[in-house]
Amino acid sequence: MGHAFFTLSLGMGAIMTYGSYLSERTAILPTVVAIATVDTLVALLAGIAIFPLVFSYGLTPGAGPGLIFETLPLAFGQMPGGAFFGTLFFILVVFAAWTSTISIIEPAVAWLVENHRYSRPRACVVIGVVTWTIGIATVLSFNTWQDYKLFGKTAFEAIDFLTASILLPLGGLSIALFAGWVMSERVVRGELSLSQAWLYRAWYVLIRYVAPLGIGLVFLNLLGIV
């Protein structure tokens, strides 16, 4: 579930921003079901592809983000054709990072454009420079700044913990509470096109009670409490 928060951009506003750009004739329910299904299948395929490689070479499967930059290069270095497959893998990682960056900065870009009358190119440059500057700290935390730590964590680990373990679950919890307890039934039915009463009641129970409870458990688990 923590992985789903990241890959679906839940809690960070990206998926809501993209949703706001959709036509009013777009059916939200089938769309989100398709997105969640494809995302889960891709994640399972990635696990099937990567973790056998990790286990075959006796590497640490729970290395987290460091698995990509520290553990997997060792595995590629030991396998036949490792230089080719390693290069191809990291080229794909670059493309994945670019597409993720576009979606993640979109809420901030849209906010500057709509609330502060920035032109879109200017907003993209401003947000891009800010995120690039923060990103430099994460890169240096693997070498030059690796001995500088905050609460026992490097810059990369601290930013990863703050975003993935705290901000994403809190953002998702806030969205669920707002949708379930603040939005009116008329607005929800109109946006989701839930004409069947039982379907609306099922959504109502899920968003009001099940989702906050599940998100709370994920949050406590990421913090190491449960």
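By convention here, the first residue in the shown sequence is residue 1.
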Exercise. Rounded to the nearest 0.5 Å, how far apart are CG of Leu217 and CD1 of Ile225?
Worked result: 11.0 Å
For this session: Provide the closest heavy-atom pair for Tyr18 versus Ser103 in the form atom of the first, atom of the second, distance.
Result: OH-CA, 3.2 Å
For this session: List in chain and number order the residues that pass salt bridge (charged side-chain N to carboxylate O under 4.0 Å, His left out) with Glu157, two or more places apart in sequence or in another chain; answer none if no residue qualifies.
Result: none
Seminar exercise, completed: Scanning both residues in full, the closest heavy-atom pair of Thr154 with Gln146 reads CG2-O, 3.8 Å
Exercise. Taking all atoms of both residues into account, what is the closest heavy-atom pair of Pro107 and Ile104, and its distance?
Worked result: CD-O, 3.2 Å
Exercise. Restricting to pairs with a member in residues 112-131, which pass ring pair (Phe, Tyr, Trp, His ring centres under 6.0 Å), not counting sequence neighbours?
Worked result: Trp111-His116
For this session: List for me each residue that meets side chain to side chain contact (heavy atoms under 4.5 Å, CB included) alongside Thr133, sequence neighbours excluded, and say none if there are none.
Result: Val129
For this session: Test Arg120 against Glu106 for salt bridge (charged side-chain N to carboxylate O under 4.0 Å, His left out), laying out the working first.
Result: CA-CA 10 Å; Arg120 188 167 185 85; Glu106 180 59 26; 2.6 Å; yes
For this session: Determine whether Ile127 and Trp98 fall in the same hydrophobic cluster, where Ile, Leu, Val, Met, Phe, Trp and Tyr are linked whenever their side-chain heavy atoms lie under 4.5 Å apart.
Result: no
For this session: Just jot down the side chain to side chain contact (heavy atoms under 4.5 Å, CB included) partners of Asn221, sequence neighbours excluded, or say none.
Result: Val226
Exercise. Would you call Val109 and Thr17 a side-chain contact if the rule is heavy atoms closer than 4.5 Å?
Worked result: no
Exercise. Can you name the closest pair of heavy atoms from Val188 and Met183 and give their distance?
Worked result: CG2-CB, 3.9 Å
Problem set entry | Tyr21 atom OH, neighbour heavy-atom count above 12 within 6.0 Å | yes
Show the atom names and distances, to 0.1 Å, of all donor-acceptor pairs under 3.5 Å that link a side chain in residues 206-215 to residues at least two apart or in another chain.
unit_1	atom_1	unit_2	atom_2	d
Arg208	NE	Gly180	O	2.8
Arg208	NE	Tyr204	OH	3.0
Arg208	NH1	Tyr204	OH	2.7
Arg208	NH2	Tyr204	OH	3.1

For this session: Rounded to the nearest 0.5 Å, what's the gap from CG on Leu112 to CZ on Arg117? Could you check?
Result: 14.0 Å
For this session: Would you give the length of the straight line joining atom CG of Leu167 to atom CG of Leu162, rounded to the nearest 0.5 angstrom?
Result: 4.0 Å
For this session: Working to the nearest 0.5 Å, report the span between OG1 of Thr40 and CD1 of Ile35.
Result: 11.5 Å
Exercise. Can the ring centroids of Phe76 and Phe89 be said to lie less than 6.0 angstrom from one another?
Worked result: yes
Problem set entry | Donor-acceptor under 3.5 Å (Thr144 side chain, Leu140 main chain) | no
For this session: Evaluate the criterion side chain to side chain contact (heavy atoms under 4.5 Å, CB included) for residue pair Phe219 and Leu173; output intermediate values, then yes/no.
Result: CA-CA 9 Å; Phe219 183 57; Leu173 180 61; over 6 Å; no
For this session: Give the C-alpha distance, both sets of side-chain angles, the deciding distance and a yes or no for side chain to side chain contact (heavy atoms under 4.5 Å, CB included) between Leu177 and Val182.
Result: CA-CA 7 Å; Leu177 293 176; Val182 178; over 6 Å; no
Problem set entry | Val139 with Trp132, same ILVMFWY side-chain cluster at under 4.5 Å | no
Problem set entry | Pairs touching residues 184-193 that satisfy salt bridge (Lys or Arg N to Asp or Glu O under 4.0 Å), sequence neighbours left out | Glu185-Arg189
Exercise. Taking atom CG of Leu29 and atom CG of Leu199, what is their separation to the nearest 0.5 Å?
Worked result: 6.0 Å
Exercise. Any sub-3.5 Å donor-acceptor pair from Ser141's side-chain atoms to Thr138's backbone N or O?
Worked result: yes
Exercise. Should Phe156 and Leu150 be regarded as members of a common hydrophobic cluster, given that ILVMFWY residues are connected when their side-chain heavy atoms come within less than 4.5 Å of each other, either directly or indirectly?
Worked result: no
Exercise. Are Phe90 and Phe85 joined in one hydrophobic group, where the rule is that I, L, V, M, F, W and Y side chains link up if heavy atoms are under 4.5 Å apart?
Worked result: yes
Problem set entry | Distance, nearest 0.5 Å, that separates OG1 of Thr87 from CD1 of Ile91 | 6.5 Å
For this session: Check the pair Met16 / Ile175 against side chain to side chain contact (heavy atoms under 4.5 Å, CB included), numbers first and verdict last.
Result: CA-CA 10 Å; Met16 287 193 299; Ile175 293 170; 3.8 Å; yes
For this session: State yes or no: do Leu45 and Val42 share one hydrophobic cluster built from I, L, V, M, F, W and Y residues joined by side-chain heavy-atom distances below 4.5 Å, directly or via other members?
Result: no
